[in-house]
Colleague: 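One structure is given below, represented as structure tokens, and several questions about it will come after.
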Amino acid sequence: KKFVLYCHRVMNNPLMKRKQMCIEMIHPELPNVPKSEVRKKLADKNKTKEECVVVYGLKTKFGGGKSTGFALIYTDIDSRKKYDSRKNLLREKLVDKRAKSSKQKKEIKGRVKKVRGKAKAKAANAGGKKGK
């Protein structure tokens, strides 16, 4: 499993405590490169932990042998949990999925519509069936 990894358009983003970059992989023997492999290689290259590296948007060029994508390298895991998109955090199980079904959301919406002001928050948090 051999591939060459190039990072270009590297940008330091101190506000979000990360480095942003476009990545390019050349992999003539492989159909495509797994994200885990790319993360491992980027972590080694930048001397960081694997959990701090996010790889997304990978696209294989027509004909194969070359792929492009994006990578974010956070300074630490806490800053990643704070600034990274929820989708990326869910993908690597760093945050739990909210467990509300669409039916529950609709019921809450109906309760909230009936009241005004501060009572809306109380109605949204109230759960279960009302007594008849």
Side-chain angles (χ1 to χ4, degrees):
K1 290 186 176 182
K2 195 162 184 186
F3 67 97
V4 182
L5 180 72
Y6 295 111
C7 303
H8 55 95
R9 292 202 304 208
V10 180
M11 187 176 104
N12 192 32
N13 189 340
L15 288 174
M16 297 186 110
K17 297 178 183 169
R18 68 184 184 196
K19 269 196 251 178
Q20 302 166 185
M21 63 193 74
C22 291
I23 54 174
E24 196 174 293
M25 284 90 61
I26 296 167
H27 47 91
E29 296 107 42
L30 297 166
N32 54 21
V33 186
K35 280 183 188 173
S36 57
E37 300 268 324
V38 178
R39 284 179 66 203
K40 211 174 283 178
K41 206 160 200 174
L42 273 170
D44 290 342
K45 224 178 201 183
N46 291 285
K47 297 176 185 76
T48 56
K49 291 178 191 160
E50 218 173 299
E51 296 89 52
C52 299
V53 180
V54 188
V55 177
Y56 65 98
L58 293 181
K59 288 182 179 146
T60 309
K61 297 288 182 205
F62 180 72
K66 186 177 175 183
S67 300
T68 56
F70 302 97
L72 307 170
I73 300 170
Y74 287 90
T75 53
D76 53 14
I77 297 166
D78 295 329
S79 59
R80 178 173 177 193
K81 284 181 181 175
K82 188 175 179 184
Y83 297 114
D84 201 5
S85 69
R86 187 163 183 82
K87 180 180 158 186
N88 286 338
L89 293 170
L90 280 168
R91 185 182 289 149
E92 289 166 30
K93 294 171 181 70
L94 289 172
V95 72
D96 295 328
K97 194 173 183 180
R98 294 187 188 118
K100 279 191 181 173
S101 66
S102 55
K103 177 83 174 158
Q104 284 175 312
K105 289 177 193 168
K106 287 173 188 171
E107 286 172 357
I108 289 169
K109 183 178 152 193
R111 283 198 303 268
V112 168
K113 275 177 147 182
K114 291 174 187 167
V115 292
R116 288 182 52 135
K118 289 182 178 178
K120 278 188 188 283
K122 199 183 287 181
N125 292 331
K129 293 185 177 181
K130 296 176 197 168
K132 291 180 184 176

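Each residue takes its place number in the sequence, starting with 1. These figures come from a predicted structure and were not determined experimentally. No hydrogens, no waters, no symmetry mates; every other heavy atom, side chains included, goes into these values.
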Colleague: Can you list the other members of the hydrophobic cluster that holds Ile108, where links are side-chain heavy atoms under 4.5 angstrom apart?
Modeller: Val112
Colleague: At what distance, to the nearest 0.5 angstrom, does CG of Leu30 lie from CE of Met25?
Modeller: 10.5 Å
Colleague: Quick one: side-chain hydrogen bond (donor to acceptor under 3.5 Å, both in side chains) partners of Ser85, sequence neighbours excluded?
Modeller: Asn88
Colleague: Please step through side chain to side chain contact (heavy atoms under 4.5 Å, CB included) for the pair Val115 and Lys122, ending with a clear verdict.
Modeller: CA-CA 10 Å; Val115 292; Lys122 199 183 287 181; over 6 Å; no
Colleague: For residues 62-75, please give each side-chain donor-acceptor pair under 3.5 Å, one per line with the distance, not counting sequence neighbours.
Modeller:
from: Ser67; atom 1: OG; to: His27; atom 2: NE2; distance (Å): 2.7
from: Tyr74; atom 1: OH; to: Arg18; atom 2: NH1; distance (Å): 2.8
from: Thr75; atom 1: OG1; to: Ser79; atom 2: OG; distance (Å): 3.4

Colleague: Val53 and Phe3: same hydrophobic cluster, using ILVMFWY side-chain contacts below 4.5 Å?
Modeller: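 Linked, Val53 and Phe3 end up in one cluster.
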Colleague: Once rounded to the nearest 0.5 Å, what's the spacing between atom NZ of Lys61 and atom CD1 of Ile26?
Modeller: 11.5 Å
Colleague: What's the separation between atom CZ in Arg111 and atom CG in Asn125, rounded to the nearest 0.5 Å?
Modeller: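 Interatomic distance, Arg111 CZ to Asn125 CG, rounded to 0.5 Å: 9.5 Å.
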Colleague: Sort and list the pairs that fulfil salt bridge (Lys or Arg N to Asp or Glu O under 4.0 Å) and have at least one residue in residues 68-89, not counting sequence neighbours.
Modeller: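 Counting only pairs at least two positions apart or across chains, the salt bridge (Lys or Arg N to Asp or Glu O under 4.0 Å) contacts touching residues 68-89 are Arg80-Asp84, Arg80-Glu92.
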Colleague: For residues Asn46 and Lys19, report the shortest heavy-atom separation together with the two atoms involved.
Modeller: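 That closest heavy-atom pairing would be OD1-NZ, 3.4 Å.
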Colleague: If you count the non-hydrogen atoms of other residues, nucleotides and ligands that lie under 6.0 Å from NZ in Lys45, is the total more than 12?
Modeller: yes
Colleague: Can you give me every donor-acceptor pair (side chain of residues 5-17, partner residue at least two apart or in another chain, under 3.5 Å) with its distance?
Modeller:
from: Asn13; atom 1: OD1; to: Leu15; atom 2: N; distance (Å): 3.4
from: Asn13; atom 1: OD1; to: Met16; atom 2: N; distance (Å): 3.4
from: Asn13; atom 1: ND2; to: Gln20; atom 2: OE1; distance (Å): 2.7

Colleague: Taking atom CZ of Arg91 and atom OH of Tyr56, what is their separation to the nearest 0.5 Å?
Modeller: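 Rounded to the nearest 0.5 Å, the CZ-OH separation comes out at 10.5 Å.
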Colleague: Got a sec, which residues hit side-chain contact (heavy atoms from CB on, under 4.5 Å) with Ser101, two or more places apart in sequence or on another chain?
Modeller: Lys103, Gln104
Colleague: Decide side chain to side chain contact (heavy atoms under 4.5 Å, CB included) for Ile23 and Val38; before the verdict, give the C-alpha distance in whole Å, the side-chain angles of both, and the deciding distance to 0.1 Å.
Modeller: CA-CA 9 Å; Ile23 54 174; Val38 178; 3.8 Å; yes
